[in-house]
Number of protein chains: 2
Amino acid sequence: MNAAAAPSDIRQHLLLTAQRIMGGKGFSAVGLNEILTAAGVPKGSFYHYFDSKEGFGEALLEAYFADYMERFEALLTKPGMTAAERLLSYFSFWLETQASHDPEGKCLAVKLGAEVSDLSEAMRSVLDRGTQQIVERLAACIEAAVADGSLIGERDAQSMATALYELWLGASLLAKITRSRRPLVSAMATTRQFLFTPVHA
Amino acid sequence: MNAAAAPSDIRQHLLLTAQRIMGGKGFSAVGLNEILTAAGVPKGSFYHYFDSKEGFGEALLEAYFADYMERFEALLTKPGMTAAERLLSYFSFWLETQASHDPEGKCLAVKLGAEVSDLSEAMRSVLDRGTQQIVERLAACIEAAVADGSLIGERDAQSMATALYELWLGASLLAKITRSRRPLVSAMATTRQFLFTPVHA
DNA sequence: CCCGAAAATAGACCAGTCGTCTAGTGGCAA
DNA sequence: TTGCCACTAGACGACTGGTCTATTTTCGGG
């Protein structure tokens, strides 16, 4: 009865703990025990809140994307900037969060995408919807940038958004592999060139 | 005995079997037993050829990249093409292998990169060297394309190579997540645009 | 103040993990 | 033959994995 958190957000507490741990070690390599212990929740309780490890993973990804989209939205609607500036500030944010070694805020699409996609159809589907949403929101921002004149829209927004998202996913993966921010810095340069170079002819 | 393969390439047989299985399920999710059973090799033999699962993973990645670079090299030196055509044929090859669902030939950098990089420093280091080699070889090909006039080199080759590699890594990840070749097709379009669009001004 | 039901927990369960170890095979050299 | 060595064989140990049943705790209404 001492350090108990609020009554029934144990579920969310578990998800948050797992995000930290699995964001670092992956899905299969982490046992429920580790998460339960770290969260201070007894093992027996797990199946009261979730119906399996896979169901837990699903919920984890859903919570992650929900939170991600919220912060993303906030970034993309900050006042006093052109849409193009907002775009760049998003990628700049991406660079900083993924370059830092803190286990919080690690992109789960990068960390878990490849591992989980052919392990669980349910989890894959959450990832699919989540990434699609991000690309769509990105495309909307590009359109806004064309509309407010901060960007010259010579290619359709959807495919530009896809290209940028792919670039940054790959750069994040490479950053993990090289343990360096260089790939991300490089992606930033590519992004600028990609956005602000008019297609000739 | 009956189905025994050649005398002592059991080691390689194990690595090949593992490439198939782990290319599908990942590293942590696969036990040595599964690989040994699939390869028809008894457990006792494993530790004669490798000293641990991690050491095995290291050897797996090393063998993978060695083989990869060999085929890569062959592709990039095929006669009767401009260097730019060779570049495109490489990415076109990438598209086909990653889009197909066959477990062979799956890119281990994509599949294992994120999972393994913060699990084993030894494996990360192999991935690091392997990807770097690929980027370097790619850069060399870009330089050759500039030299033979099939490409206009307005940006330095190294950073173009990095950008392309990042793009394709991300596209492959997205292809896994969406179970679709769309992201790869999109990357192909981006690649063409990226390579053949002169930077204006 | 006690009952009944839901919420939460404890701990058993067994299949599976990696890695070790002893015993045994076969072939080759001296 | 004898000794040696690469290799095979698979039982074994200590442990962890996810899961589930049985039990306790909690708590609101009668």
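In the text below, chain A, chain B and the rest are named by the order of the sequence lines, each starting its count at 1.
With sequence neighbours left out, the side-chain contact (heavy atoms from CB on, under 4.5 Å) criterion links A/S159 to A/R155, A/D156. The side-chain contact (heavy atoms from CB on, under 4.5 Å) check on A/T82 picks up A/A84, A/E85, A/D148, A/S150, with sequence neighbours excluded. With sequence neighbours left out, the side-chain hydrogen bond (donor to acceptor under 3.5 Å, both in side chains) criterion links A/E62 to no other residue. In this structure A/T162 satisfies the side-chain hydrogen bond (donor to acceptor under 3.5 Å, both in side chains) test with no other residue, sequence neighbours excluded. For B/Y47, the side-chain contact (heavy atoms from CB on, under 4.5 Å) partners two or more places apart in sequence, or in a different chain, are B/L32. Evaluation of the side-chain contact (heavy atoms from CB on, under 4.5 Å) rule for A/K43 yields A/N33 as partners, not counting sequence neighbours. Applying the side-chain hydrogen bond (donor to acceptor under 3.5 Å, both in side chains) test to B/E96 and every residue at least two apart in sequence or in another chain returns B/R181.
Against DNA chain D, the stretch residues 34-45 of chain A makes heavy-atom approaches under 4.0 Å through A/K43. Residues from residues 23-32 of chain A with heavy atoms under 4.0 angstrom of DNA chain C: there are none.
Rounded to an integer number of Å, the gap from A/F56 CZ to D/dG17 P is 14 Å. Atom OH in A/Y47 sits about 21 Å away from atom C1' in C/dA6, given to the nearest Å. Between the CD1 atom of A/I10 and the P atom of D/dT26 there is a distance of 12 Å, given to the nearest Å. Taking atom CZ on A/F46 and atom C1' on D/dG17, their separation rounds to 12 Å, with Å as the unit. Rounded to an integer number of Å, the gap from B/R11 CZ to D/dA6 P is 15 Å.
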Could you give the side-chain donor-acceptor pairs of residues 111-118 of chain B under 3.5 Å, partners two or more places apart or in another chain?
unit_1: B/K111; atom_1: NZ; unit_2: A/A114; atom_2: O; d: 2.8
unit_1: B/K111; atom_1: NZ; unit_2: A/D118; atom_2: OD1; d: 2.5
unit_1: B/K111; atom_1: NZ; unit_2: B/G24; atom_2: O; d: 3.2
unit_1: B/E115; atom_1: OE1; unit_2: B/F27; atom_2: N; d: 3.2
unit_1: B/E115; atom_1: OE2; unit_2: B/F27; atom_2: N; d: 3.3
unit_1: B/E115; atom_1: OE2; unit_2: B/S28; atom_2: N; d: 2.8
unit_1: B/E115; atom_1: OE2; unit_2: B/S28; atom_2: OG; d: 3.2
unit_1: B/S117; atom_1: OG; unit_2: B/G113; atom_2: O; d: 2.8
unit_1: B/D118; atom_1: OD1; unit_2: A/K111; atom_2: NZ; d: 2.5
unit_1: B/D118; atom_1: OD2; unit_2: A/K176; atom_2: NZ; d: 3.1

Under 3.5 Å, sequence neighbours excluded: what are the donor-acceptor pairs made by side chains of residues 135-146 of chain B?
unit_1: B/R137; atom_1: NE; unit_2: B/E73; atom_2: OE1; d: 2.7
unit_1: B/R137; atom_1: NE; unit_2: B/E73; atom_2: OE2; d: 3.4
unit_1: B/R137; atom_1: NH2; unit_2: B/E73; atom_2: OE2; d: 3.1

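For A/H48 and C/dA7, the shortest distance from a side-chain N or O to OP1 or OP2 is not below 4.0 Å. One finds a side-chain N or O of B/N33 lying less than 4.0 angstrom from the OP1 or OP2 phosphate oxygen of C/dT17. Phosphate proximity of D/dT8 to B/Y49: present, with a side-chain N or O under 4.0 Å from OP1 or OP2.
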Derivation of the side chain to side chain contact (heavy atoms under 4.5 Å, CB included) call for A/W94 and A/T191 = CA-CA 12 Å; A/W94 187 327; A/T191 299; over 6 Å; no
Each base of DNA chain C marked ( ) or [ ] if paired in-strand (Watson-Crick or G-U under 3.5 Å), | if paired to another strand and . if unpaired gives ||||||||||||||||||||||||||||||
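The distance between the ring centers of B/Y49 and B/F56 does not fall below 6.0 angstrom.
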